[in-house]
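Everything numeric in this text was worked out from a predicted model, so none of it was measured.
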Amino acid sequence: MSPTAVRTGTARQPRTAAGTGGYRPEIDGLRAVAVLLVAAYHVWLGRVSGGVDVFLVLTGFLITGSLARAATDGRIRYGAFLARLAARLVPTAAVVALATLAATWLLLPETRWRQAPGDAAAALLYHTNWRLALDSVDYLARDGDVSPFQHFWSLAVQGQFYLVWPALVAAAVWAARRAGRDPRPVLVGALSAVLVLSLAYSVLMTRADQPWAYFDTGARLWEFALGGLVALLLPVLRPARATRVALGWAGLAALVLCGALLRVSSVFPGYAALWPTLAAVAVVVAGTSGSALGADRWLVLRPLRYLGSISYALYLWHWPVLVVYLAVTERDLATPLGGAAVLAVSVLSAAATTPLADRVARLGRGGGRRAAVRGVAAALACLLPVLGAAAAWSGQQAAERARWADLLADGSSYPGAAAGPGVPELPVYPPLAWAAEDAPVTYDDGCNQTTAGTEVITCVYGSDDPVRTVALVGGSHAAHWFPALEEIADARGWRLVNIVKGACLFTDAPQSYLGEPYTACAEWNRGVMAELRELRPDTVFTTGTTSSLDRSAGFGEEQVVDGYVDRWRELDDLGIDVVAVRDTPRFGFDVPGCLAASGPGECTVQPEGSLAPVSPLGGLDLPPNVTVLDLTDLFCGPDVCRPVIGNVLVYWDDSHIGATFMRTLAPELERRWNRAEGR
C-alpha cells in the first residue's frame, strides 16, 4: 500500500504512546522502514514484504484520530476533508503516472502498450484494485507482464477508505450524541464491528479465492479499523517504559522478518496479515519510549524521518522505475548494483516530487469553502492532463485498429495456416500490442470457468436447430480450439457448446495447480460428466494429449494423461463420440514479447521441446468412439515451430494459440476431421 501522506496535529514535539495528537517522529521512521522493505523485496527478491499492510494501519490510525477530533469538536466537513486529500495526494500520483505513460511509450516493448492508457486512468481514478481483481481470477492473465501501474492498487484501496470512513465516524458520533453518550466508546464499538466483520470476510475470501481477496477493499477494511482502534485507545494505554522498549523492538523485528518467512502474495490478506499489522501496532503503542535502548531512538534518526516524509512519493516511483529497469535489461530480478541504482533513482525522484506536491497541497488547506475549491481545482489541474494523455493514446489505438480493418479486407495477405508459397512478408497481425486480446471470445463472454471456480459454466453457440452438437471440453489448451470450431459450426449449421476451465484437464485423475492439489478441478470434472449425461451431445472435442515444459504442473513431456481413455470409455457408454486432438507445442517464453524484442528469427523452438517424436495416441487401444486428430504440421515444420505463419501471429502468450490463427486453420481442421470419420 502507499504510504499515507496525511499527518495529524501541528506541534513538533515528540509524543509518547500516551497521546495521538502532534507530530510522532517514530511514525515517520516506521513509514521509512515499511517503504524500504516494500522496495527492497520488490527489487532484489521479487516478493512482497508486508509493508503495504503497515501503511494501511497507519492510514487508519492517522485518519481516524483526525476525524474523531473533528467530529467531537464540531462536525466533519466532508467536502473540505476530501479536497485537502485530493490536493495532497493527486499531484504526486499524476506526475508519476504521466512519467510512467511516457516511459511505457519510449522504453517498454509494444506488448505493454495496450493496457497502459486504461491502467493510467484506473490509477488516477482510484479503482486499480478492482481492475487487478478482475484480472487475478483469469488463469490466462497470471503469466502476463506486470503493469508499471500495478502498485496503484493500494492507493485505490485507500481512496475508497477515504470515501466511507468520514461517514462512519460521523454516524457513530451522531448516534452517541443522540443517546447522550461519550462518542469515544461508541466509535470503538463501531470500529470493532468493522474489524471483526471485515477480518472474518477476509479470512473466508482468502481461503476461497485468494487472488481476488488480495485486492478486495472489503477484505482490507479491518486493517484500517485496527489502526483506528489504536488511535482511539492509545490515550488509555500507558505501558511501562520497559514494556514500550520490548514492544518497539518486537514490532520492528516482526515487520522485517514478515516477508522473509511468509509468502505474502499468496496467503494475504487473511489472518496471516495480522503479522505485519500487529507489528505496526506494537511500534505505534511503544511510541517514544524515552529509553536509550528503545527502537524509537533508531526510528527518529534524521535520515529515516526524511525517508518517511517522502515515503508516499518513494512508493509511487520505485515500481515503474523497477519495471523499466527489468524490461530494458531483460532481467527477472535486479542485480545488487542495478537494484541500488533503481532505489537511488526512486529516492531522487521522490525527493524532487515531494516539495512540488507540498506546494500544491497548501492550496487545499484551511476549513473554508474557498480552500476546498482551491484544493479541488489544484487536483484537477494535475489530473486532467494525464487523463487527456491516456485518452489520446487510446484514440490512437482505436485509429490503428480501423487501419488494420482495411488491411485485412484482402484475406490473401494474411492467410495464416492456409499460407502457401509466395506469400509476401507483411507486418504481423494482430499487432504485438494487441496480442493479449487475441484469446477466444469465450473469455470475454465469461464462458470459461476460473481456476478457483467449480460451477460448470455451459455456453451455447451456433444453430438453434443443429444437425450436430459438439461440446468443447477441457482446459485452456482445449479452449483455444474454439475459434476454429466456431467457424465450422457456423458454416455447417452445428451447435457448439463450450465447457472449459483454466488449467483443468478432462479426467478424473488427481491434478495439481501451482504445486497444490487442484480440488476445484476435480469437483468441476464431476459436474461436467453430469452435464454431458444430460446434454448428450453428438461429439465431445477435447485434447487427447498434454504437452508440457514443466513437470511441476503434475505431468512432464507430452503424454496421454491418466484418466483420459477411461473418460472416453464413459462417453462411449453414453453413445457420445470423442474427437481427441493432439496438444499444441509450447514455446516456454512469451512469444509476443520475444518478437517485440528480437524479431521472428530469434523466437523459434524445436517441436521436441514439448512434444514427443511421435504422437502418444498412436499406439493406444482406444475405444471405438474416439477419432484422433493431429495438426502439428500446421504449427511446426520438421525441425522448427515458428511464432508467425502466413503473416499471422500464432501464439498470444507462451503456449496458447491466438484466435486469428485458429480461424485460419478451420478449413484444414474440417477436412481432416471429415477424412478421419470417413465423411
Side-chain angles (χ1 to χ4, degrees), residues 456 458-463 465-482 484-489 491-501 504-511 521-522 524-547 555 558-584 612 614-632 634 662 665-666 668-679:
V456 177
T458 302
C459 292
V460 180
Y461 302 81
S463 175
D465 184 23
V467 298
R468 184 175 191 175
T469 297
V470 177
L472 175 62
V473 182
S476 60
H477 273 229
H480 65 202
W481 288 94
F482 177 88
L485 294 175
E486 187 181 33
E487 291 282 311
I488 299 171
R492 300 302 176 203
W494 293 358
R495 175 181 294 158
L496 179 58
V497 183
N498 189 73
I499 313 175
V500 297
K501 173 177 169 65
C504 185
L505 307 177
F506 184 41
T507 172
D508 61 0
Q511 298 179 57
C521 177
W524 178 83
N525 263 301
R526 288 191 291 271
V528 169
M529 282 307 299
E531 182 72 22
L532 292 175
R533 290 188 190 97
E534 181 178 344
L535 180 65
R536 296 297 174 103
D538 300 294
T539 305
V540 165
F541 189 103
T542 189
T543 48
T545 69
T546 299
S547 61
F555 42 81
E558 185 189 14
Q559 60 180 277
V560 180
V561 175
D562 291 345
Y564 267 11
V565 178
D566 292 338
R567 187 66 90 196
W568 302 340
R569 290 197 175 97
E570 290 182 59
L571 295 175
D572 190 26
D573 293 339
L574 296 173
I576 300 172
D577 290 334
V578 173
V579 172
V581 65
R582 188 181 185 187
D583 201 2
T584 47
V614 178
S615 173
L617 289 164
L620 292 180
D621 180 20
L622 299 176
N625 66 324
V626 177
T627 296
V628 174
L629 294 179
D630 184 354
L631 285 82
T632 305
L634 297 182
M662 269 295 180
L665 62 72
E668 185 63 19
L669 170 61
E670 184 180 11
R671 280 193 291 271
R672 297 191 190 189
W673 191 343
N674 288 338
R675 187 167 63 242
E677 292 186 340
R679 289 187 278 120

Among Leu532, Asp577, Leu496, Val497, which residue satisfies the side-chain contact (heavy atoms from CB on, under 4.5 Å) criterion with Pro537? Leu532

Rounded to the nearest 0.5 Å, what separation is found between the OG atom of Ser547 and the CD atom of Gln559? 10.5 Å

Report yes if some heavy atom in the side chain of Glu534 is under 4.5 Å from a heavy atom in the side chain of Thr458; otherwise report no. no

Closest approach of Leu617 to Ala580 (non-hydrogen atoms, all atoms of both residues): CD1-O, 4.2 Å

To the nearest 0.5 Å, atom CG of Leu574 lies from atom CD of Glu570 at 7.5 Å

Side-chain (Arg536) to main-chain (Arg533) donor-acceptor, under 3.5 angstrom: yes

What I'd like to find out is whether the side chain of Arg567 reaches to under 4.5 Å of the side chain of Met529, using heavy atoms alone. yes

With Trp494 via ring pair (Phe, Tyr, Trp, His ring centres under 6.0 Å) - residues at least two apart: Trp673

Within the 4.5 Å heavy-atom criterion, are Leu631 and Trp481 side-chain neighbours or not? yes

How many angstroms lie between CG in Asn525 and CD in Gln511, if you round to the nearest 0.5 Å? 6.0 Å

Kindly compute the distance separating OG1 (Thr546) from CG (Leu505), expressed to the nearest 0.5 Å. 4.5 Å

For the pair Asn498 (side chain) and Ala479 (backbone), establish whether a donor and an acceptor sit closer than 3.5 Å, ignoring hydrogens and angles. no

Any side-chain heavy atom of Asp572 within less than 4.5 Å of one from Val578? no

Examine distances only and state if a side-chain atom of Glu558 and a backbone atom of Ala612 form a donor-acceptor pair shorter than 3.5 Å. yes

I want to check something: taking the side chain as every heavy atom from C-beta on, are Thr539 and Arg468 in contact at a cut-off of under 4.5 Å? yes

Rounded to the nearest 0.5 Å, what separates atom CG in Asp630 from atom OG1 in Thr545? 8.0 Å

Side chains of Trp524 and Ile499, heavy atoms from C-beta outward: is any pair under 4.5 Å? yes

Check: Leu622 and Val565 side chains under 4.5 Å, non-hydrogen atoms: yes

Go through Thr543 and Thr584 one step at a time and tell me if the side-chain contact (heavy atoms from CB on, under 4.5 Å) criterion holds. CA-CA 9 Å; Thr543 48; Thr584 47; over 6 Å; no

Between the side chain of Thr469 and the main-chain N/O of Arg495, is any donor-acceptor distance below 3.5 Å? no

Which pair of non-hydrogen atoms, one from Leu665 and one from Ala484, has the smallest distance, and what is that distance? CD1-CB, 3.9 Å

I need the Asp566 CG to Leu571 CG distance, nearest 0.5 Å. 11.0 Å

Arg582 versus Val614, closest heavy-atom pair with distance: NH2-C, 4.0 Å

Check whether any side-chain heavy atom of Phe482 sits under 4.5 Å from a side-chain heavy atom of Val500, and report yes or no. no

Qualifying residues under ring pair (Phe, Tyr, Trp, His ring centres under 6.0 Å), relative to Phe506, sequence neighbours excluded: none

